Amino acid sequence: MSKPSIEKGVNFIKGQIDAPVASFFSSCIHCGLCAEACLFYTETGDPKQTPINKVEPMRRVWEQEFTVLGKLKSMVGLGKPVDEKVFSEWETLVYDGCSLCGRCSLVCPVGNDISGMIRKIREGFSAAGHAPEGLISATQRAVEIGSPMGVKLPAVKAQIRHLQADTGLSVPLDQQGAEYMVLLSSMEIMNFPEYLEAIARIMKQAGKSWTISSTAFEATNSGIQIGVSDLAKVIVERVVDAAEALGVKTVISPECGHAYTAIRWDGPNLIGRPYKFEVKHILEVLDELTVAGLIQTEGMETAKLTYHDPCQIARKGGIVEAPRRLLNQVASNFIEMSEPGVMNWCCSGGGGVSANERADEIKLTAFRRKKSQLDELKVETLVTACANCRLTLEEGLEANGMDIPVVGLTEMVAEHLVEDGTQKESAS
Amino acid sequence: MELNELLIWARGPAFNIALAIFVFGMLLRLFEILSLGRKEDLSAARGSGVAGGLRTILSRSLPRQTLFSREPLRIINGYLLHIGLFVVIFLYRPHIELFERLFGVSWMGLPTGVVDAVTAVTILSLFVALLIRIYNPVLRFISTPGDYLIWLVTLLPLVSGYMAYNHLLLGYTLMLTLHILSVELLLIVAPFTKLTHMFSFVLARWYQGYLAGRRGVES
Amino acid sequence: MSREIGNNPLDNGTFADHLEQNGVSRRGFLKFCTSMAAALALPAGSAEVMAEALAAAKRPTVIWLSFQECTGCTESITRSHTPTIENLIFDYISLDYHHTLQVAAGLQAEEARDQAMKAAYGKYLLIVDGAIPIKDGGIYSTIAGRTNLSMLEEAAAGAAALISVGTCAAYGGLPMAHPNPTGAVPVTDIVKDKPVMNIPGCPPIGLVMTSAIAHFLTFGRLPEMDQLGRPKAFYGDSIHDRCYRRPFYDRGLFAKAFDDEGARKGWCLYELGCKGPTTHNACATMKWNDGTSFPIESGHPCLGCSEPNFWDAGGFYEALSVPQSRMGETILKAGAVGVGVGAVAAALNQRNKAATVAAQETMTVDALKKES
Ligand code: SF4
Ligand code: SF4
Ligand code: SF4
């Protein structure tokens, strides 16, 4: 295995260039509007953070490798270099300055998917040895241990035991033929155990068979965030193998947005074939169960609360209405943030930014966007549906001395779940 | 060379050359783009890619609210510029004559006076665009010499056409000649600059819209 | 109306005498001078100066040479229905040589020319219509065995000034049109050391010519000219600028066929090929046939006949904005080349990319780390 090199980096960038990328670069008229959509620009005011600038090295490779004019330019020495200096300079823009939120892609007047290109260019940067330390070690843990945070099966088992002891709920492990296979993100295992409890209660109430796989419980995919498809494939294959071995009908992605993108949209393309099962986000499942009348809720949160749309769930995942239906069922004072839904502003920690300690500072600067959105609303609770958003938001709020609890939507639904046992209680 | 000879050359051989380069160049660019291909998306579709692609080709012409509130001037100016160019190029009778000759179809034009006024507005919008490019920090940073070049080659036909019609500075014949030559310059330059966006934007919007359409997301 | 050149009864009188003999009153003459001064755009007060100078003017010697031409110019200039003062000017000048109009023929005619040239050497006005072929020594047009070229060179040497009448003499016109088999050139290509005024048009308007002669008679020199050697007073504006159909052009109302609704309503003829916008002439103001009409008024687009190369400027019925090239053919050819070269470029791109992807090693965790 050869060491990272600039040559490798350029080659990996080259390999990522396809017709869409070529059409994007051919079309960009440098209007600069994408900058206005990107929180890393709006909050820093640094023109370098203009989204399309973040993929400039890729543009150079495209021009020099795949256009006649660019080849001519290179021949007469007019081509711009893509060298060590360029990789060093762009590294922080490509990783620290982009949460792959996809907001820029939605405003570009010519229709450029800039966010998609940033995802692609990371392939080259990682091959060139210019991926951030934090992401490299997270990826290493994900590949070698099975989870980016280094969570191992015993930790999951311990959590399951706690849960069973505390609530008497059962969490089936490796149950063949279950309808659902539930995935978790390490953050949920480590920081938000409420999630697993919520799932267990909801599934029980809905009367659905479900399971957790002992070989593939982790959903997040650092391979996608760092931009190494080969490793992302290794991570995703575990889930696919487990799900197909267990013969489940549906795999449920946890609240984590990037996990959803990885397993739902990227996975089949990484392994090179369609799945033999369906993938749904937990919010989609909750919505379905509710609509089917399999679960009901009772009581209302009265606190003034708002919902933060995780980019990968709403903008890139298309799940916009489900969370609102669910929220309105359990909260009486739900108000929308400015620019809700598809155009919501990123929490600032997506796309590997939160796993990259070097980006902590810029992440907090970018968080100011969310802060000002929240300042406008003066809510008592912030609801979201992504463990990574949740962590980032909590950190940001704390750093800004704001005392707003952040709650996962699934747990909130579970809290208001009408359970056979409790229903009787409340009825009597 | 006599002025009229220059006009004859501009209307004849020069136009041929420019048109040939334009057609050749644009096709070359199209091949360059399409040859890079696109992997089939294997994920289970939630919506229709084709519908999404087609929708985005149209819908991207409207600005997002979030952007409009942040950059109203840039967006309105962009509209003025593009609508202006459309009117001037496609709704001026003498130009329609040209297209009729080329494609065999004709359509209604606008009164010449209206086109004249629109031309003035379009020229203004180009200057506003230039000022924004120079004074906005983002634009100043990302702009390349090519961006200024396409600004110029877009401006020249407008200004020369306007001046010819209004008998400014030079005689009509000379101005008309310069107008035609400047259009030829535009045709020659277009395939090799960002002016390719006049066609490739359809591809770009299609690709992004297709991706989004499959995912069942807005774009 | 016929004119007998060289037999003028007033050989030695002044122009005033000539007018008197033809029953023109002093008042009528003054009126004429006023309008002539206006036509020539002379400053206020010039009418009196002109009247005085003209009245006293002696009959000048004029030699008219016709080369590669169609006689349309002569026709145009001599055409008149009433004996106006303009015509009287024309009558008055001593057309000592004009082989269409003169009575004399053959040797006699050539002698008349020689004599006139000798008698008025350095003072006569030389009028030329028709282009001059110079290819192969100019043998494609000869008069009495002499080439037009040598005749012009000789006559020009003794002329005070020259007037090129008609587009052929002025700019080469039809004889010079592509592919110009006789190597025709305009007068100015041959005569470089004498003042030459061009009165282009195919044919030109008679009055323009008369006015120019009146100016020459009055001031002893040619009127002010533009870059193309045309009297500014008559060629300063384009037809389009003076066209009475202009309001339709501005409103975007165009006739699209010679017999359509627009044509009947008198709409602009641009789309029927009108070259008015690039044509400088006085047709729209002075009109033809004693001010009766001009082509556009009678429903026909301007051909641009007073401009150089008008024969080569594309179809008369093609709008000015339509390129005179075979666009369809160009697009097909360029398109074919584009597809060909594009296919090659595409194949190269595909190979380039495929080779790159094939050469990529599978990434591992170790491959991410610079040092390990
Ligand atoms: S994807 Fe989001 S964070 Fe990244 S450049 Fe675009 S707008 Fe900025
Ligand atoms: S918004 Fe689109 S066209 Fe404008 S600079 Fe960004 S990528 Fe280019
Ligand atoms: S008819 Fe000819 S000269 Fe008259 S306005 Fe139309 S284009 Fe101009």
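Source: prediction; values computed, not measured. Letters A, B, ... are given to chains in the order of the sequence lines, protein chains preceding strands, and every chain is numbered from 1.
Ala19(A) and Leu36(B) make their closest contact through N-CB, 3.5 Å (heavy atoms, listed as atom of the first residue, atom of the second, distance). Closest approach of Asn269(A) and Ser43(B) over heavy atoms only: OD1-N, 4.1 Å. Minimum interatomic distance between Pro137(B) and Tyr41(A) (heavy atoms only, all atoms of both residues): CG-OH, 4.4 Å. Between Pro20(A) and Tyr207(B) the shortest heavy-atom distance is CA-CD1, 3.3 Å. In plain terms, the two heavy atoms of Gly32(A) and Leu139(B) that are nearest each other are N-CD2, 3.8 Å. The minimum heavy-atom distance linking Phe141(B) with Lys48(A) is given by the pair CZ-CG, 3.6 Å.
No donor-acceptor pair closer than 3.5 Å links the side chain of Arg315(A) to the backbone N or O of Glu218(B). With hydrogens and angles ignored, the 3.5 Å screen pairs no side-chain donor or acceptor of Arg38(B) with any backbone N or O of Asp18(A). In terms of modelled atom types and a separation under 3.5 Å, the side chain of Arg70(B) and the main chain of Ala37(A) share no donor-acceptor contact. At least one donor-acceptor pair under 3.5 Å links the side chain of Arg74(B) to the backbone N or O of Cys31(A). Under the 3.5 Å distance criterion, the side-chain polar atoms of Gln208(B) are matched with a main-chain donor or acceptor of Gly111(A). Remark: the backbone N or O of Ser26(A) is paired with a side-chain donor or acceptor of Thr196(B) at under 3.5 angstrom.
Sparse packing is recorded around NZ of Lys73(A), with 12 or fewer heavy atoms of other residues, nucleotides or ligands lying under 6.0 Å away. Within 6.0 Å of atom NZ in Lys233(A), 12 or fewer heavy atoms from other residues, nucleotides or ligands are found, so the atom counts as exposed in its surroundings.
Most heavy-atom pairs under 4.5 Å with chain B, from the set Ala314(A), Pro274(A), Cys108(A), Gly272(A): that is Cys108(A). In terms of non-hydrogen atom pairs under 4.5 Å with chain B, the most contact-rich of Thr67(A), Val342(A), Leu69(A) is Thr67(A). By number of non-hydrogen pairs under 4.5 angstrom with chain B, the leading residue of Glu284(A), Glu278(A), Glu56(A) is Glu284(A). Ranked by heavy-atom pairs under 4.5 Å with chain B, the list Val68(A), Ile17(A), Asp266(A), Ile52(A) is led by Val68(A). Of all the listed residues (Gly37(B), Gly25(B), Ser35(B)), the one sharing the greatest number of non-hydrogen pairs under 4.5 Å with chain A is Gly37(B). Note on Phe31(B), Phe192(B), Phe199(B): by heavy-atom pairs under 4.5 Å with chain A, the leading option is Phe192(B). Between chain B and the residues Gly45(A), Ala22(A), Pro268(A), the most heavy-atom pairs under 4.5 angstrom are made by Pro268(A). No other option in Trp265(A), Phe24(A), Tyr275(A) has as many heavy-atom pairs under 4.5 Å with chain B as Trp265(A).
For the atom pair CG of Leu42(B) and CD1 of Ile271(A), the computed distance is 8.5 Å after rounding to the nearest 0.5 Å. To the nearest 0.5 angstrom, Ile29(A) atom CD1 is 16.0 Å from Trp151(B) atom CH2. How far CZ of Phe25(A) is from NZ of Lys194(B): 9.0 Å, rounded to the nearest 0.5 Å. Atom CH2 of Trp62(A) is separated from atom CD1 of Ile33(B) by 7.0 Å, given to the nearest 0.5 angstrom. To the nearest 0.5 Å, atoms OG (Ser23(A)) and CZ (Arg29(B)) are separated by 11.0 Å. With rounding to the nearest 0.5 angstrom, the CZ atom of Arg64(B) is 16.0 Å from the CD atom of Glu36(A).
Within the 4.5 Å cutoff, the side chain of Arg133(B) has heavy atoms near those of the His30(A) side chain. Using a 4.5 Å heavy-atom threshold, the side chains of Arg46(B) and Ile319(A) count as touching. You'll find the side chain of Lys316(A) reaches within 4.5 Å of the side chain of Arg215(B), heavy atoms only.
For chain B, the nearby parts of Val107(A) are the backbone and the side chain; heavy atoms of each come within less than 4.5 Å. When heavy atoms are compared at a cutoff of 4.5 Å, Val320(A) does not approach chain B at all. Neither the backbone nor the side chain of Ser338(A) comes within contact range of chain B, judged by heavy atoms closer than 4.5 Å. In this structure, the portion of Leu67(B) lying under 4.5 Å from any heavy atom of chain A is its side chain and not its backbone. If you measure heavy-atom distances from Asn53(A) to chain B, the contacts under 4.5 Å come from the side chain alone. Using a 4.5 Å cut-off between heavy atoms, Gln65(B) makes no contact with chain A at all. Interface residue Ser105(A): backbone and side-chain heavy atoms are both found under 4.5 Å from chain B. Heavy-atom distances place no part of Glu63(A) under 4.5 Å from chain B, backbone and side chain included. Of the two parts of Asp41(B), the backbone and the side chain both hold a non-hydrogen atom closer than 4.5 Å to a non-hydrogen atom of chain A. For Leu28(B), the part lying near chain A is the side chain, with the backbone staying farther off; criterion is any non-hydrogen pair under 4.5 Å. For Ile132(B), no part lies near chain A; criterion is any non-hydrogen pair under 4.5 Å.
Side-chain contact annotation: Arg103(A) with Thr66(B), donor-acceptor N/O pair under 3.5 Å present.
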